[in-house]
Amino acid sequence: MRTSQFPLFTLKEDPADAEIASHRLMLRAGLIRKLASGLYTWLPWGLRVLHKVEAVVREEMNRSGAVELLMPSVQPAELWQESGRWEQYGPELLRFHDRHGRAFCYGPTHEEVITDLARHELRSYKQLPVNFYQIQTKFRDEVRPRFGVMRAREFVMKDAYSFHLDTDSLAETYQRMYDTYARIFTRLGLDFRAVQADTGAIGGHASHEFHVLADSGEDAIAFSDQSDYAANVELAEALPPEGPRPAPTQPMETVDTPGVHTIEAVADFLGIPVERCLKTLVVRGESDLVALVLRGDHSLNELKAARLPGVRRPLELAGEEEIRQRLGVGVGSLGPVGLDLPVYVDHAAGRVADFCCGANVDGQHHVGVNWGRDLPEPETVDLRNVVEGDPSPDGRGRLKIVRGIEVGHIFQLGTKYSEAMGATVLDERGRAVTLTMGCYGIGVSRIVGAAIEQHHDERGIVWPEPIAPFQVAIAPIQWGKSERVRETAERLYRELSEAGVEVILDDRDLRPGVMFADLELVGIPHRITVGERALKRGVVEYQGRRDTRATEWTVDEVLDRFRR
RNA sequence: CGGGGUAUGGCGCAGUCUGGUAGCGCACCUGCUUUGGGAGCAGGGAGUCGGGGGUUCGAAUCCCUCUACCCCGACCA
C-alpha cells in the first residue's frame, strides 16, 4: 500500500474528550472516528488492526476444533422471553419493534439464538460435543460508554457456545478454551492474566476472566505472590484475620462529633487510626433494612453482600431519607451499638478492639467500644474487598493487586439456557437429556485498545508485530525531487511486497519530520528511510519503532532480513 | 440513573462575568522559496456561535427550555 492510496488521517493535536492513552492514540493515529456516544467508525488503518486480531482469534478457535457460524445481530423477543432474560436483562438490551409491531432486540450476546439452533439441529449424543463460534458485532446500551473502543456500545466480539452431554465433557472443552485463550493472547503479544471470576448476568458455575494488565484497566485483580491463585477482586475471599482479638483497654464513651460524617473525618477529628473506626453501611433487605459493618479502611464488596441471607439482590444502598425515617439518625453517625436492624459484621471488623463508631445519634460517636462487652459478640462474615497484603485465600502467600482490562471471559453455563428453552438430545439409551453448555467470549475490538494501553510511548503506538497494520514502512526523503530515492524506494516496496511483507510506502512527498512523526504515531514496527545522504554511501537506514537511532543497511540486507 | 462539566470554522481553544454583530493556533487551498525530525513568506476559502423560545434598539454574551457530548460512581467483552 501507498499512503497516497491508503490515506492516513492523523491528528497533530490531542482530541479534547479522550482521557486514556489508547483512546487518544486511536483518534490521533486515525484508527477510529466517533459517530455518537459509544459508536465508532473503523478507519482503514484501524480496520487492518482489527482484522489481524480477528485472524489470530479465528485461527486459534479453528485449531481448537470450534466451528464458525454467523448469527443475526437482530433477535426476536420471543427467544428472550423464553429464557427469562427479556425481563432480567434491563435497559442495556436495546429493544425495538419492526413494522408489524413485533418486538426485537439488538443482540448483546447470543445464548438464546444458539440454544434455539441447538434444539433444532442437535438430536443425538453422537453430534456432541460441539463448539460453535462467531465473530460479530454486538450492541449493549451501556449506561456510560467511555474510553473509546474499550467500552463502546457497539463492539466486535468473538462468542463461542459449546454443547455437551455431561459436565465432564463440558469441563474438557472449558479447559481447551482456557488454553486456547492463553495461546491467543500470547500470540497477540499481550501481557495478560487469567483469573477466577464471577458469573454475573450470564449465569452458570465455573468462570475465568482474561485480563490484559494495564494501569488504566477498569478491573482490579488479585493474585498470590507465592501460588498460582488469581481472581477478580470482586470474587477474592478475604480470610478472617489470624490470632485473637486484643483485649479491651478502654471504657466505652460517647463523644460529640458535630458535623463530622465521613470515616476519614471522624478518624482525623478523634485522632484514632482509620483501621480502628468501624463504618456501618445500610442496604435494602428483603423486608427491613440491613446493616453491614466494616473496618473504616476497607471497602464493601457488593457481590459478597448481595449473597447474604435477607439482603436484596442486586445490592442497593438505602437512601439517606429512608435511613433517617427508619432509624432517626443520619448516615454519618450510624453504628452497631444498640442498632435495631439485622447486622452483618465483616471478619476484620469483628477483630478490632477499642474501636470507634457512630452512636446512632446525630453528631455523636462512641469510642473505646468492644465486642462482647459493649455489644454482643458478632458472628462475622466476609463482606469486604481484599486489599494488597491480605493472605491469599489458598493459604499460600500474600495478595498483590493490579489493574486489568477484561478481554476474555469463559463460563461453564450448565443447563441454564438449554433447560429454559428445552434443548435436549437423545443419549445411548434413547432418553432425552438436557444439553450442558459452556460459553466463551473475547472482546475483539477491545483488544485493539488494550494492546495500545500496554504498548505505546510518548511518540505514539508501538504495535506488537502480529497486529501492526503494516510491518514495514518505507520513508523516502525528497520523493518528489530525487529519482534515485524514488527508484530505491520503489524497488524495496516491490520486492518486499512480492516477498509477502506488509509494507506501506509513504509517497506523500512530505518533509521528513512530518513523515517520521506520522509513521511513529501509527506505530509501524520497522522503518526503512531512503535518502540521498545514505544512498551516496550505497545504503539505506533501518530503524525499529523502539530504537532511538538508525542503522545502515544495504538494500540487499534489508531484503534478506525481511524475506526470511 | 445520581453528581460535576462542556457545546464558538475540520481539530484545539479565546471571547460570555462587564450585550455593540466573531478571533487565535493547527489543518486546508494557491504561489514562491525551502527539504534528514511536525518549514518560511505572501495570498485565500471556511463558522452566525448545539436547537428552540424570550428580554433588548441590538444577544456567542442575559433569562427559560430542550438536546448532545465528556468526566466521577453501580454493569460488562
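Every chain is numbered from 1, with letters handed out A, B, ... down the list of sequences.
- By the side-chain hydrogen bond (donor to acceptor under 3.5 Å, both in side chains) test, A:Asn301 is found to be paired with A:Asn385, residues two or more places apart in sequence or in another chain being considered.
- Atom CD of A:Gln88 is separated from atom C1' of B:rC76 by 16 Å (rounded to the nearest Å).
- Rounded to whole Å, the distance from CZ on A:Arg146 to P on B:rC75 is 11 Å.
- Residues satisfying the side-chain contact (heavy atoms from CB on, under 4.5 Å) test with A:Ala36, not counting sequence neighbours, are A:Leu39.
- Between A:Leu383 and A:Leu308 there is a side-chain heavy-atom pair separated by less than 4.5 Å.
- Regarding A:Leu11, its CG atom lies at a distance of 12 Å from the P atom of B:rC13, rounded to whole Å.
- Rounded to a whole Å, the CD atom of A:Glu19 is 13 Å from the C1' atom of B:rU6.
- Here A:Arg144 does not reach the OP1 or OP2 of B:rC1: none of its side-chain N or O atoms lies under 4.0 Å away.
- Taking only side-chain atoms of A:Ala517, from C-beta outward, the nucleotide of B:rG12, B:rA77, B:rG37 with the closest atom is B:rG37.
- The aromatic rings of A:Tyr181 and A:Phe185 lie perpendicular to each other, with more than 60° between the two planes, well past the 30° mark.
- Between A:His208 and A:Tyr174, the two ring planes are tilted [angle within 30° to 60°].
- At a cut-off of 3.5 angstrom, counting only N and O atoms as typed in the model, there is a donor on one side and an acceptor on the other between the side-chain of A:Glu13 and the base of B:rG25.
- Listed pair A:Arg511 / B:rA39 meets the phosphate criterion, a side-chain N or O lying under 4.0 Å from OP1 or OP2.
- Searching all strands for a Watson-Crick or G-U wobble partner of B:rU30 with both distances below 3.5 Å returns B:rA42.
- For B:rU35, there is no paired nucleotide, since no Watson-Crick or G-U wobble pair has both relevant distances below 3.5 Å.
- On a pure distance criterion of 3.5 Å, a polar donor-acceptor pair joins the side chain of A:Glu520 and the base of B:rG37.
- Remark: C1' of B:rG36 and CZ of A:Arg549 are 15 Å apart, rounded to the nearest angstrom.
- Between A:Trp80 and the options A:Tyr89, A:Tyr417, A:Phe104, a ring pair (Phe, Tyr, Trp, His ring centres under 6.0 Å) holds for only A:Tyr89.
- Counting distance only, with no hydrogens placed and no angle test, the side-chain atoms of A:Glu541 and the base atoms of B:rG36 include a donor-acceptor pair under 3.5 Å.
- Residues A:Ser22 and A:His456 have side chains that never bring a donor and an acceptor to within less than 3.5 angstrom of each other.
- At a cut-off of 3.5 angstrom, counting only N and O atoms as typed in the model, there is no donor on one side facing an acceptor on the other between the side-chain of A:Arg508 and the base of B:rG38.
- Distances from the side chain of A:Val514 to the nucleotides B:rC76, B:rC1, B:rA39 place B:rA39 closest.
- Distance from the side chain of A:Lys34 is smallest to B:rC69 among B:rA74, B:rA77, B:rC69.
- In the set B:rC69, B:rG37, B:rC13, the nucleotide with an atom closest to the side chain of A:Ser37 is B:rC69.
- Within the nucleic acid shown, A:Ala534 comes within 4.0 Å of at least one base atom, counting heavy atoms only.
- Nucleotide B:rA60 is matched to nothing when pairs are restricted to Watson-Crick or G-U wobble geometry with both distances under 3.5 angstrom.
- Pair assignment for B:rG9: none, as no Watson-Crick or G-U wobble contacts are both less than 3.5 Å.
- Base-pair partner of B:rG2: B:rC72 (Watson-Crick or G-U wobble, both distances under 3.5 Å).
- Look at OH on A:Tyr89: it is 7 Å from P on B:rA77, rounded to the nearest Å.
- In terms of phosphate contacts, A:Lys12 brings no side-chain nitrogen or oxygen within less than 4.0 Å of OP1 or OP2 of B:rC26.
- Of the residues in residues 150-158 of chain A, those lying under 4.0 Å from RNA chain B by heavy-atom distance are A:Met150, A:Arg151, A:Ala152, A:Phe155, A:Met157.
- Looking only at distances, no side-chain donor or acceptor of A:His526 sits under 3.5 Å from a matching main-chain atom of A:Val503.
- Comparing A:Ala550 and A:Phe210 by the nucleotide of RNA chain B that holds the closest heavy atom to each, the one mapping nearer the 5' end is A:Ala550.
- Under the Watson-Crick or G-U wobble criterion, with both distances below 3.5 Å, B:rA14 has no partner in any strand shown.
- Judged by closest nucleotide on RNA chain B, A:Thr10 is the one of A:Gly441 and A:Thr10 placed further toward the 5' end.
- One donor-acceptor pair, N or O on each side, does fall under 3.5 Å between the base of B:rC76 and the side chain of A:Asp219.
- Between the side chain of A:Thr3 and the backbone N or O of A:Asp507 there is at least one donor-acceptor pair closer than 3.5 Å.
- Set against B:rC75, B:rA77, B:rG12, the side chain of A:Glu92 has B:rC75 as its closest nucleotide.
- Partner assigned to B:rA22 is none, using Watson-Crick or G-U wobble distances below 3.5 angstrom.
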